[in-house]
Amino acid sequence: MSARPLIENERFLRIAAPLGVGLLFLAVWQLIVSEAHIPVYLLPGPIDIFKALLANWQTLGWALLMTLKVTFLAFLVALVLGTAAALLFAQSKWLEMSLFPYAVMLQVTPIVAIAPLVIIWFKDLQVALVVCAVIIAIFPIISNTTLGLNSVNHNLNNLFDMYRASRWQKLLHLRIPSALPYFFGGLRISSGLALIGAVVAEFVAGTGGQGAGLAYQILQAGYNLQIPEMFAALMLLTLAGIALFGLMVALSNWALKNWHESALKQEN
């Protein structure tokens with residue numbers, strides 16, 4: 001039996017197709033910058049950005065670790081609090097109707113407006129940054145998990161009622177498994193929002209030193225017109241966001257494999 005051509009391999013195409021588009025975009029970008037003689041301080045080319053990344057790798061790498069530290073802490077807090085809130089809402093319609101609007105308020109409140117207050121309220125800057133990121137990241141987990149817990153198949157629900165399953169048994173064996181695809185969908189969104197929240201909070205705080213994150217490096221590079229370095233920091237943030245999303249996708253596929261359609265399609 002002949003080997004399957006790579007062009008027909010969906011797993012290979014899932015990686016190669018976006019990678020090819022990205023490389024083509026970078027090549028066109030570099031060509032335009034070179035041929036048009038655009039100054040580096042207006043728009044650096046990919047080569048200039050890569051050189052700036054190598055030249056400032058120690059500073060930018062440490063700043064990336066600081067930003068990721070805040071991001072992961074905020075994501076874990078949002079995961080715990082968001083899941084607990086969704087489970088609470090699932091126990092009573094009255095609780096959901098009474099408290100869910102306040103979760104929506106967290107989503108629609110501009111974090112830039114309240115971040116200075118949060119930073120004033122908390123003496124520890126790291127704690128303040130985490131709180132700001134949690135405010136942005138928590139809503140998708142609450143919303144998606146609550147939706148999943150309430151989206152139980154009616155036939156299965158009637159079957160559990162017929163066998164006189166308790167509320168705990170129904171939650172553990174029916175509602176939570178049914179909510180898992182929604183829950184992991186919320187994690188994919190929340191992971192990126194946690195990174196955004198960490199960066200926005202760092203922009204507002206504007207602190208330097210050893211605890212400075214990538215947002216501070218972007219601000220400093222912009223003030224000093226070190227545009228290639230600024231783009232290098234932005235590139236690291238983008239790659240970090242893609243890596244977080246990919247991690248959540250891999251976690252979702254691992255948890256849902258062998259039983260849910262979304263994971264089964266990924267395996268094909």
Side-chain angles (χ1 to χ4, degrees), residues 71-115 117-118 121 127 130-198 200 244-245 247-249 251-266:
T71 299
F72 279 113
L73 286 174
F75 180 65
L76 289 176
V77 173
L79 173 61
V80 173
L81 295 182
T83 304
L87 291 172
L88 181 65
F89 294 165
Q91 302 308 306
S92 170
K93 267 296 179 187
W94 285 104
L95 280 175
E96 181 182 349
M97 289 188 295
S98 301
L99 300 178
F100 193 81
Y102 294 99
V104 177
M105 286 176 58
L106 290 177
Q107 176 70 8
V108 300
T109 301
I111 191 63
V112 176
I114 63 173
L117 288 175
V118 175
W121 291 338
V127 174
V130 170
V131 170
C132 291
V134 168
I135 292 174
I136 292 182
I138 195 171
F139 182 76
I141 298 178
I142 296 176
S143 178
N144 282 35
T145 307
T146 301
L147 177 62
L149 291 170
N150 293 332
S151 300
V152 176
N153 184 281
H154 291 293
N155 294 326
L156 291 176
N157 190 52
N158 292 336
L159 180 64
F160 272 69
D161 289 337
M162 184 177 68
Y163 283 98
R164 298 181 180 179
S166 65
R167 178 188 290 266
W168 172 253
Q169 289 174 323
K170 189 181 293 187
L171 176 67
L172 187 62
H173 299 291
L174 177 61
R175 302 186 74 179
I176 290 180
S178 299
L180 283 179
Y182 297 86
F183 170 73
F184 284 109
L187 292 190
R188 297 182 190 187
I189 302 171
S190 180
S191 61
L193 290 179
L195 179 61
I196 294 173
V200 170
L244 285 173
F245 183 84
L247 180 62
M248 292 302 106
V249 171
L251 180 63
S252 174
N253 290 338
W254 174 81
L256 302 178
K257 67 180 179 180
N258 301 327
W259 70 275
H260 194 265
E261 293 180 358
S262 62
L264 291 176
K265 289 179 181 178
Q266 294 289 335

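All values below come from the heavy atoms of this structure, side chains included, with hydrogens, waters and symmetry mates left out. Given the structure is predicted, the values throughout are model-derived calculations rather than measurements. Numbers here simply count residues along the sequence, with the first being 1.
- In this structure, Phe72 and Leu244 have side chains that are in contact, with non-hydrogen atoms separated by less than 4.5 Å.
- Of the inter-residue distances, the one linking Leu180 atom CG with Asn144 atom CG reads 12.5 Å to the nearest 0.5 angstrom.
- To the nearest 0.5 Å, the span separating CD on Gln107 from CD1 on Ile138 amounts to 11.0 Å.
- Annotation: side-chain contact (heavy atoms from CB on, under 4.5 Å) contacts of Ser151 (sequence neighbours excluded): Leu147, Tyr182.
- Aromatic ring orientation, Phe100 versus Phe139: tilted (interplanar angle from 30° to 60°).
- Between Leu195 and Phe75 the shortest side-chain heavy-atom distance does not fall below 4.5 Å.
- Between Thr83 atom OG1 and Leu88 atom CG the span is 12.5 Å, to the nearest 0.5 Å.
- Contact detail for Ala179 and Gly148: the closest heavy-atom pair is CB-C, 3.4 Å.
- Once rounded to the nearest 0.5 Å, the distance linking NE2 of His173 with CH2 of Trp168 reads 9.0 Å.
- The backbone N or O of Leu87 sits less than 3.5 Å from a side-chain atom of Gln91, completing a donor-acceptor pair.
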Inset, instruction - Evaluate the criterion side-chain contact (heavy atoms from CB on, under 4.5 Å) for residue pair Val127 and Trp121; output intermediate values, then yes/no. - result: CA-CA 10 Å; Val127 174; Trp121 291 338; over 6 Å; no
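- No donor-acceptor pair under 3.5 Å is formed between the side chain of Ser252 and the backbone N or O of Met248.
- In terms of heavy atoms, Leu171 sits closest to Pro177 at O-CD, 4.3 Å.
- A pairwise comparison of heavy atoms in Ser190 and Ala78 identifies OG-CB, 4.4 Å as the closest pair.
- Looking at Leu193 and Pro140, their side chains come closer than 4.5 Å, going by heavy atoms from C-beta outward.
- Going from atom CZ of Phe245 over to atom CG of Leu187 covers 11.5 Å, rounded to the nearest 0.5 Å.
- Listed for the Ser191 side chain is a donor-acceptor partner under 3.5 Å among the backbone atoms of Arg188.
- Shown here for Glu96 and Asn150, the closest heavy-atom pair between the two residues is OE1-ND2, 3.3 Å.
- Closest approach of Ala133 to Ala74, counting heavy atoms only: CB-CB, 3.3 Å.
- The minimum heavy-atom distance linking Gly82 with Ile142 is given by the pair CA-CG1, 3.6 Å.
- Ile135 has its side chain out of reach of Thr109: every pair of non-hydrogen atoms, C-beta onward, lies at least 4.5 Å apart.
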Legend entry - Ile111 vs Ile114, side-chain contact (heavy atoms from CB on, under 4.5 Å): CA-CA, chis, key distance, verdict: CA-CA 5 Å; Ile111 191 63; Ile114 63 173; 3.9 Å; yes
